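Working notes, beginning with the structure itself.
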Amino acid sequence: MTEPTTFSVALVNETATAQLMADLALLVGPGDVITLTGDLGAGKTAAARAMIRYLAGDEALEVPSPTFTLVQGYELPPFPAMHADLYRVEDESELEEIGLSPLPDATLVLIEWPERAPSAMPEDRIDIALTHRPALGSNARAADITGYGKAAAQVARLKALREFLEASGYMDATRKRMPGDASTRSYARLLRDDEIVILMNFPQRPDGAAMYNGKSYSAAVHLAENVKPFVAIDEGLRAQGISAPAIHHSDLDHGFLITEDFGSEGVIEGDPPRPIPERYETATDVLAALHRTTLPETLPLASQTYAIPVFDTEALLIEIGLMPEWYLPDRNAPLSDEKRAEFFAMWRELLRKPLAAPRTWIIRDFHSPNLIWLGMRTGIERVGVIDFQDTVLGPQSYDVVSLLQDARIDVPENIELTLLSRYIKARRASDASFDAAGFAELYAIMSAQRNTRLLGTFARLNRRDGKPHYLRHQPRIWTYLQRSLAHPALVHLRDWYLANVPPPQGTSQGASQEPSEEQPEGQPQA
């Protein structure tokens with residue numbers, strides 16, 4: 001059994017309490033339980049209120065004490081939260097009536113007076129014991145934070161985070177929550193005097209089931225396991241003249257960074273969002289500039305080196321396999337063993353050409369949520385790139401597809417073709433032997449690969465991870481897929497998909513219309 005982990009914090013005022021709870025909020029999520037203990041007036045409600053307001057991004061949010069209601073629920077941007085006060089509970093059987101037995105799934109639960117129902121508290125929890133410390137000031141308190149069971153690791157990580165902030169000089173900074181993404185990473189803006197920086201929490205990726213040749217999915221397709229690839233690629237991009245954020249402070253062992261803040265001005269506008277032409281042109285130029293250079297395959301990292309993984313056939317096939325694994329069962333069209341073998345045989349053959357082409361860095365998610373417009377800079381430096389930790393070595397066409405067939409927003413076909421022509425013209429300007437027709441074929445193949453994978457990815461995010469909002473992107477992905485399948489080199493694949501792959505729900509087979517109900521996901525995210 002895991003031993004509890006405890007450390008203490010002196011909270012000299014309400015600001016210090018808010019900073020502690022914001023730091024903890026960076027590390028917890030739905031399903032976690034935080035208990036708050038202490039005498040009347042010790043500050044339990046103030047601590048819970050600080051965390052709820054931080055997660056809401058609203059310092060003025062009304063967060064009353066639940067002394068009389070017993071339970072108060074909040075639909076917060078990252079996940080639901082529940083704030084409970086058990087002071088008036090006389091018997092643990094009452095917890096069922098107020099929705100605390102069993103504890104709700106996918107909800108962060110904060111419980112005051114947990115000692116009123118001790119046997120109902122989960123083994124895995126974080127306890128914050130608050131006591132007055134008049135010697136430090138009239139409103140000063142001490143917080144003894146203990147992690148029990150699996151939460152012991154979270155409390156150890158909180159201690160490491162606080163030490164990192166202290167060492168880097170940002171302990172007294174104001175924390176502002178930032179939107180996250182589909183990963184385990186989380187972010188906060190730190191405000192200190194007139195300076196704003198970004199705190200990144202990049203925990204070690206947990207090992208998944210070894211379902212792919214003895215590896216987890218993330219390991220098999222070379223997704224970053226920790227913060228080290230981010231740091232190596234960041235420095236590599238900056239060396240190539242690409243605007244990646246400067247890293248001011250780092251703790252590579254624990255996965256904490258303090259980086260430059262690029263702001264939140266994106267490359268899209270409107271509702272529904274659409275590309276801003278000048279900014280997409282510049283983003284296209286970024287890729288053309290990067291691809292005309294022979295890039296190193298190994299990068300320095302602290303006192304060591306980082307070898308960029310190769311996006312090989314097996315990794316690409318595992319990605320593609322998400323469609324028969326997750327999407328086709330959702331569409332009531334599972335493949336027979338024979339059809340599955342046909343599917344992978346076709347793809348293995350199709351991938352020969354792109355994998356034989358010159359290799360470059362594939363940033364992988366080079367699209368609107370991860371591109372920030374830096375209008376005060378010039379040339380290609382006006383596009384800030386913030387998501388690149390999963391960079392691999394592979395065909396140059398991959399990131400061009402990521403940008404011009406943006407999974408999150410509609411890119412009309414005329415804009416896609418105009419920008420593709422711009423990329424090809426830039427490449428030919430620096431290399432007269434650049435094969436435009438050959439690149440267009442590789443673009444179509446990698447488009448089909450990426451969009452096939454995304455149909456499966458979004459189905460998995462819905463069914464496995466409880467994130468149904470990703471399904472709204474599937475009609476767009478289907479539209480992009482139809483564009484790529486129109487290339488003559490993909491005629492066999494097109495016929496096979498026509499016979500075996502139904503469109504997303506609500507989309508007509510072969511439809512090319514752009515979905516109109518798409519809403520923006522928010523400001524570009526770090």
Side-chain angles (χ1 to χ4, degrees), residues 181-183 217-225 228-244 283-299 306-320 322 347 350-371 380 383-408 419-420 423-424 426-427 434 438-454 457 477 480 484:
D181 49 28
S183 75
Y217 176 81
S218 61
V221 303
H222 310 303
L223 300 180
E225 301 287 330
K228 294 177 183 178
F230 182 96
V231 173
I233 300 298
D234 181 281
E235 294 172 354
L237 288 171
R238 288 168 59 82
Q240 296 298 325
I242 308 298
S243 290
T284 303
D285 295 344
V286 169
L287 293 178
L290 196 62
H291 295 167
R292 65 171 173 247
T293 304
T294 300
L295 299 170
E297 299 189 356
T298 301
L299 294 169
Y306 173 70
I308 302 175
V310 176
F311 214 16
D312 55 18
T313 303
E314 295 311 311
L316 287 162
L317 289 176
I318 287 170
E319 281 199 340
I320 293 166
L322 292 180
W347 270 111
L350 267 177
L351 291 171
R352 290 182 185 277
K353 276 191 178 180
L355 290 178
R359 305 197 292 217
T360 190
W361 298 351
I362 298 178
I363 295 173
R364 220 160 175 171
D365 282 321
F366 191 88
H367 57 185
S368 63
N370 300 324
L371 303 177
I380 62 172
V383 171
V385 186
I386 58 173
D387 187 310
F388 39 75
Q389 64 283 336
D390 297 326
T391 293
V392 287
L393 298 170
Q396 298 168 344
S397 55
Y398 189 96
D399 278 344
V400 185
V401 172
S402 297
L403 176 66
L404 305 189
Q405 294 189 343
D406 193 316
R408 301 302 209 285
L419 293 171
L420 181 58
Y423 172 88
I424 290 172
R427 294 298 309 280
F434 182 78
F439 183 84
E441 179 180 344
L442 300 183
Y443 178 91
I445 293 170
M446 295 317 297
S447 165
Q449 188 275 343
R450 179 172 170 81
N451 290 306
T452 294
R453 188 264 293 178
L454 285 171
T457 297
I477 299 306
Y480 293 149
S484 60

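Everything quoted here is computed from the prediction, not taken from an experiment. Along the sequence shown, the residues carry numbers beginning at 1.
- Q389 contributes atom CD, which lies 4.5 Å from atom CG of D387 (distance to the nearest 0.5 angstrom).
- Under the 3.5 Å distance criterion, the side-chain polar atoms of D390 are matched with a main-chain donor or acceptor of A224.
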- Task: Report the C-alpha separation of R450 and D399 in whole Å, then their side-chain angles, then the decisive distance to 0.1 Å, and conclude whether the salt bridge (Lys or Arg N to Asp or Glu O under 4.0 Å) test is met.
- Result: CA-CA 10 Å; R450 179 172 170 81; D399 278 344; over 6 Å; no
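- D365 and N370 make their closest contact through O-ND2, 2.9 Å (heavy atoms, listed as atom of the first residue, atom of the second, distance).
- To the nearest 0.5 Å, the span separating CE on M446 from CG on L316 amounts to 5.0 Å.
- In terms of heavy atoms, A407 sits closest to L454 at CB-CD1, 3.8 Å.
- In this structure the side chain of W347 reaches within 4.5 angstrom of the side chain of Q449, judged on heavy atoms.
- Nearest heavy atoms, L419 versus T284: O-CG2, 3.6 Å.
- You'll find the side chain of L290 reaches within 4.5 Å of the side chain of I363, heavy atoms only.
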- Working for side-chain contact (heavy atoms from CB on, under 4.5 Å), residues E319 and F311: CA-CA 11 Å; E319 281 199 340; F311 214 16; 3.5 Å; yes
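- Remark: the backbone N or O of V310 is paired with a side-chain donor or acceptor of H222 at under 3.5 angstrom.
- Between Q396 and Y423 the shortest side-chain heavy-atom distance falls below 4.5 Å.
- With T452 contributing its side chain and A448 its backbone, the two residues share a donor-acceptor pair below 3.5 Å.
- With values rounded to the nearest 0.5 angstrom, L351 atom CG is found 11.0 Å from L442 atom CG.
- How far CG of L287 is from CD1 of I242: 8.0 Å, rounded to the nearest 0.5 Å.
- With a 4.5 Å cut-off on side-chain heavy atoms, W361 and P296 count as touching.
- Between L371 and V385 there is a side-chain heavy-atom pair separated by less than 4.5 Å.
- The two residues L237 and A244 make their nearest non-hydrogen contact at CB-CB, 4.1 Å.
- Interatomic distance, Y480 OH to Q405 CD, rounded to the nearest 0.5 Å: 6.5 Å.
- Ring pair F388/F230 is parallel by interplanar angle, where below 30° counts as parallel and above 60° as perpendicular.
- At least one donor-acceptor pair closer than 3.5 Å links the side chain of D312 to the backbone N or O of A315.
- A donor-acceptor pair is defined here as one N or O able to donate and one able to accept, closer than 3.5 Å; such a pair exists between the side chain of D406 and the backbone of S368.
- Closest non-hydrogen pair, Y398 versus I362, comes out as CD2-CG2, 3.2 Å.
- With rounding to the nearest 0.5 angstrom, the CG atom of L404 is 11.0 Å from the OG atom of S397.
- Nearest approach of A289 to I380, heavy atoms of both residues: CB-CD1, 3.9 Å.
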- Should I308 and I233 be marked as a side-chain contact (heavy atoms from CB on, under 4.5 Å) after you check the CA-CA gap, both sets of side-chain angles, and the distance that decides it? CA-CA 9 Å; I308 302 175; I233 300 298; 3.9 Å; yes
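- Between S402 and R364 the shortest side-chain heavy-atom distance does not fall below 4.5 Å.
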